[in-house]
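Treat the numbers as computed from the prediction; the structure is a model and nothing was measured. Letters A, B, ... mirror the listed sequences (proteins, then strands); counts begin at 1.
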Amino acid sequence: MNAPTIRTKDEPSPIAAALLDWYDRHHRRLPWRVGPADARAGLRADPYRVWLSEIMLQQTTVQAVKPYFERFTARWPTVAALATAPTDDIMKAWAGLGYYSRARNLKTCAELVVERHGGRFPDDLEGLKALPGIGDYTAAAIAAIAFDRPAAVVDGNVERVVTRLCAIATPVPAAKPEIRARVQALLPVDRPGDFAQATMDLGATICTPRRPACPLCPISHGCEAFSDGTQETFPVKAPKAVKPVRVGAAFVAENADGAVLLRKRAEKGLLGGMSEPPTTQWTSRADGATDIDAAPFAAKWRDAGTVTHVFTHFELRLRVFHARVDRPAPTGAWWSSREDVSGEALPTVMKHAIETAIPGATRKPGVAGGRPSTGRNDQ
DNA sequence: TACGCGTGGCG
DNA sequence: TCGCCAAGCGT
């Protein structure tokens, strides 16, 4: 940190002033955002849209979130509308975005906002943090962006910007308290929401993990790491554990009409509440059950190939079998018609498994490029 | 504190 | 190709 500058109470620090000035000129335009000009005219973003976007953006890129955000807000324009939506509809709309506990919490949180808070989000950190799915970061982001509260917003971008700015060598996440204190000290009292978004924009576009564009950075003059030429060494991270490999099998059953047999996973845990074709248990043992013997019922199972999918903490190798069968769905399962499959709450890994067995099955039917209704894929 | 929890894009 | 990583939260 540079020598502290003497300034009057409400005057932003030179760093914050430079950052806000840069934000005024270079801010990103995003569907959930109110631009700096409107913000300074007193306009605030809709707390519902800020909340929804922040939940979607947890560990997820802006590019991936955009279409989901548009679909959600078009279908459920208010928190009250979302609160009354069937959980299954929300899970289906969330399918593909990942971290599905976010979708379950989304519904619960909307209900609580309606029941406990009359349909309005709390405007303080404590009230926000009491809601499911809202932690330190999201509470601060909503408080600052939607309610202009002087909250220190610390996400991965801010961690990177601040550890470089102040050359903080403590590994993250242990450095979190120190980072938060630095942010709080920099906070401009009159524009906390813009400051939060400015810091995140800087991290996303200039102060990037690799090859940061320091010559374009509005606060490089105050950056310790830049002056040392060590910017790419921050933030310091603890070494990560190796990923174990798990193996299993998925059984994609297709009937004469092209319907696919699906079942629902347990509500909690991995891919909780989502749908899938029947699979074996996934085991880290190399000799895990990947055989036809593990099929949910006897059929002429054909080995369709293997899907490899990397989760956060393990790698899954899923051997895929395919069969034409004509029988009622077992208890707890259902035949999902050709038209319905694309709209099911299928995680990406399960879509891939089904595609491996039946190319085109999870794409929307009736459009060019879809699988012809008479097409057979048996080899 | 450390782990469980998805997915897609990028160099 | 593949490891890294992206606006974290809950337990």
**Inter-nucleotide P distance (B:dG8, C:dC9), Å rounded** = 22 Å
**Pairs flagged by ring pair (Phe, Tyr, Trp, His ring centres under 6.0 Å) wherever residues 101-122 of chain A is involved - sequence neighbours left out** = A:W51-A:F121
**Message:** Under 4.0 Å, heavy atoms only, any strand: does A:W94 hit a base, just the sugar-phosphate, or nothing?
**Reply:** nothing
**Request:** Mind calculating the distance between CG (A:L125) and P (C:dC9) to the nearest angstrom?
**Result:** 12 Å
**Prompt:** To the nearest angstrom, how far is A:D155 atom CG from C:dC9 atom C1'?
**Reply:** 14 Å
**Request:** Report which part of the nucleic acid A:L316 touches: base, sugar-phosphate, or nothing (heavy-atom distance under 4.0 Å, all strands).
**Result:** nothing
**Request:** Could you check whether A:R28 gets within reach of a base, just the sugar-phosphate, or nothing at all, counting any heavy atom under 4.0 Å?
**Result:** base
**Message:** Quick check: closest heavy atoms across A:R149 and A:D123, and the distance to 0.1 Å?
**Reply:** NH2-OD2, 2.8 Å
**Complete:** Between A:L57 and A:K129, whichever has its closest DNA chain C nucleotide further toward 5' is A:L57
**Touch class at under 4.0 angstrom, heavy-atom based, for A:P132 against every strand present** = sugar-phosphate
**Prompt:** Hey, does A:T138 reach any base, or is it just sugar-phosphate, or nothing, if we go heavy atoms under 4.0 Å?
**Reply:** sugar-phosphate
**Fill in**
Which of A:V50, A:D194, A:V153 passes side chain to side chain contact (heavy atoms under 4.5 Å, CB included) with A:I145? Answer is A:V50
**Request:** Determine whether the aromatic ring centres of A:Y68 and A:W94 lie less than 6.0 Å apart.
**Result:** no
**Prompt:** What is the distance from CD of A:E159 to C1' of C:dC5, rounded to the nearest Å?
**Reply:** 13 Å
**Asked** Below 4.0 angstrom, N of the basic side chain to O of the carboxylate: do A:D89 and A:R75 qualify?
**Response** yes
**Request:** Using whole Å, report how far CZ of A:R104 lies from C1' of C:dT11.
**Result:** 13 Å
**Asked** Taking atom P of B:dA2 as reference, at what distance in whole Å does atom NZ of A:K176 sit?
**Response** 14 Å
**Request:** Answer with base, sugar-phosphate or nothing: what part of the nucleic acid does A:V158 contact at a heavy-atom distance below 4.0 Å?
**Result:** nothing
**Complete:** 5'-most contact on DNA chain C (nearest-nucleotide basis), A:D136 vs A:P209, goes to A:P209
**Item:** Whole-Å distance separating the NZ atom of A:K243 from the P atom of B:dA2
**Value:** 18 Å
**Prompt:** Quick one: is the NZ or CZ of A:R246 closer than 6.0 Å to the six-membered ring centre of A:F314, and within 45° of its axis?
**Reply:** yes
**Complete:** Protein heavy-atom contacts under 4.0 Å, written 5' to 3' over nucleotides 5-11 of chain B as B (base), S (sugar-phosphate only) or - (none), form the string BBBS---
**Request:** Taking all non-hydrogen atoms of both residues into account, name the closest pair between A:I134 and A:A139 and its distance.
**Result:** CG2-N, 3.5 Å
**Request:** May I have the distance from A:R160 (atom CZ) to C:dC4 (atom P), rounded to whole angstrom?
**Result:** 16 Å
**Asked** What's the CG-C1' distance between A:L131 and C:dG10, to the nearest Å?
**Response** 14 Å
